[in-house]
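Numbers restart at 1 for each chain; the letters A, B, ... are given by sequence-line order, proteins then strands.
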2 protein chains.
Amino acid sequence: MAGDTDWVAAATTDPALACPTSAVIDIVFSRWTTPILWTLHTEGRQRFVELQRRIGTITPKVLTQRLRQLERDGLVVRTYHPEVPPRVEYEITDLGRSLAPLFAHLATWAAGNLDKVEQARHDFDADPPRGAHSSP
Amino acid sequence: MAGDTDWVAAATTDPALACPTSAVIDIVFSRWTTPILWTLHTEGRQRFVELQRRIGTITPKVLTQRLRQLERDGLVVRTYHPEVPPRVEYEITDLGRSLAPLFAHLATWAAGNLDKVEQARHDFDADPPRGAHSSP
DNA sequence: ATAGCCACTTTCCTCTAGGTACCTACTATA
DNA sequence: TATAGTAGGTACCTAGAGGAAAGTGGCTAT
């Protein structure tokens, strides 16, 4: 409740249209960050290879890049153990964990509305609008 | 509340790790979609050029692409008026409007935590970790 | 007769995220 | 001696997204 009002209120004060969500989106929803945060949240503290294996298709280079970014943003902590062989552990921070309700909200919306999107896509593809686009 | 539990529950049932949020992210948080939805939500029904002018830096090609995608996903409706000059109006749908609380949630998180991210970045840049990366 | 408007479409070009493959140093194991 | 395991780093390459600019068509205003 009042979410609607917040949205409107925030937007009308921002003519430049860099709507307040865009910064969050860049931080949290860039490619690979959600699977990483998700895994760290659900599986707890993990080593590099564990993460890589669990996510499955990510390459070590990109995983390193994303983990650095998340570390810099304060969403994960990296702990280096100077042993042999070297051991590094990644863990989600409190700040990272504070995203959990947001993710839950996302999942809830998905559960309730994803089929509507699917339906809309199906309808659109089955009967594409002949308003002006698509030249006969 | 229970958001945390939802997150864990959903993840443990999904070993493939296409976490339930990734589909939503592709639909809602791809580039330019949030400014477009935002503008349509706050300013109401609008024509193509109004949208373009308000968003400012988007090119007509990309705006068309995004609007088609949003139309296909059922988040906006396009109304074509075969007049002279032609007139097209875009409007957000109920499905699109159902994202409002989610956006509000995002904005709330941003308001409360964006400064922490900034701080973390500042700290990280000021004193980069010497665990293993960066060779002296 | 020419210019302009709208809502695009088309063509070309650039830029970068991401992928492939190979490299480091160190030790334990076979 | 050779291999495997660890946590990456580095160089190179490609595909695709996105930007710039010009074209399209039909009517209208000058």
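Distances shown here put every side-chain N or O of R47(B) at or beyond 4.0 Å from the OP1 or OP2 atom of dC6(C). Listed pair R66(A) / dA17(C) fails the phosphate criterion, with no side-chain N or O lying under 4.0 Å from OP1 or OP2. Within the 4.0 Å cut-off from OP1 or OP2 of dG18(C), not a single side-chain nitrogen or oxygen of T59(A) is found. For the pair R78(A) and dG8(D), the criterion of a side-chain N or O lying under 4.0 Å from OP1 or OP2 is met. Contact check, Y80(A) against dT6(D): no side-chain N or O comes under 4.0 Å of OP1 or OP2.
R87(B) has its CZ atom 13 Å from the P atom of dC8(C), to the nearest Å. The CZ-C1' distance, from R68(A) to dA17(C), rounds to 18 Å in whole Å. At whole-Å resolution of the value, CD1 in I58(A) and P in dA17(C) are 14 Å apart. Separating the CD atom of E50(A) from the C1' atom of dA7(D) is a distance of 13 Å, rounded to the nearest angstrom. The separation between F48(A) atom CZ and dG9(D) atom C1' is 11 Å, rounded to whole Å. Rounded to an integer number of Å, the gap from CD of E83(A) to P of dT27(C) is 14 Å. Computed from coordinates, the K61(B) NZ to dG16(D) P distance equals 14 Å when rounded to whole Å. Rounded to whole angstrom, the span from the CH2 atom of W32(A) across to the C1' atom of dT16(C) amounts to 17 Å.
Mapped onto DNA chain C by nearest heavy atom, S30(A) and P85(A) fall at different nucleotides, with S30(A) at the one closer to the 5' end.
Of the listed nucleotides (dG9(D), dG18(D), dT6(D)), dT6(D) has the atom at the smallest distance from the side chain of R53(A). Closest to the P86(A) side chain, of the nucleotides dG8(D), dT6(D), dG19(D), is dT6(D). Which of dT6(D), dA7(C), dT9(C) sits closest to the side chain of V49(B) comes down to dA7(C). Comparing dA7(C), dG18(D), dA7(D) by their nearest atom to the side chain of V62(B) picks out dG18(D).
Side chain to side chain, D115(B) and Q119(B) fail the donor-acceptor criterion of an N or O pair below 3.5 Å.
Put simply, the side chain of L95(B) reaches to within 4.5 Å of the side chain of S98(B), judged on heavy atoms. A heavy-atom distance below 4.5 Å is not found between the side chains of R54(B) and P35(B).
Around the NE2 atom of H122(A), the shell of radius 6.0 Å holds no more than 12 heavy atoms that belong to other residues, nucleotides or ligands.
Ion pairing between E89(B) and R87(B) holds under the 4.0 Å rule for side-chain N and carboxylate O.
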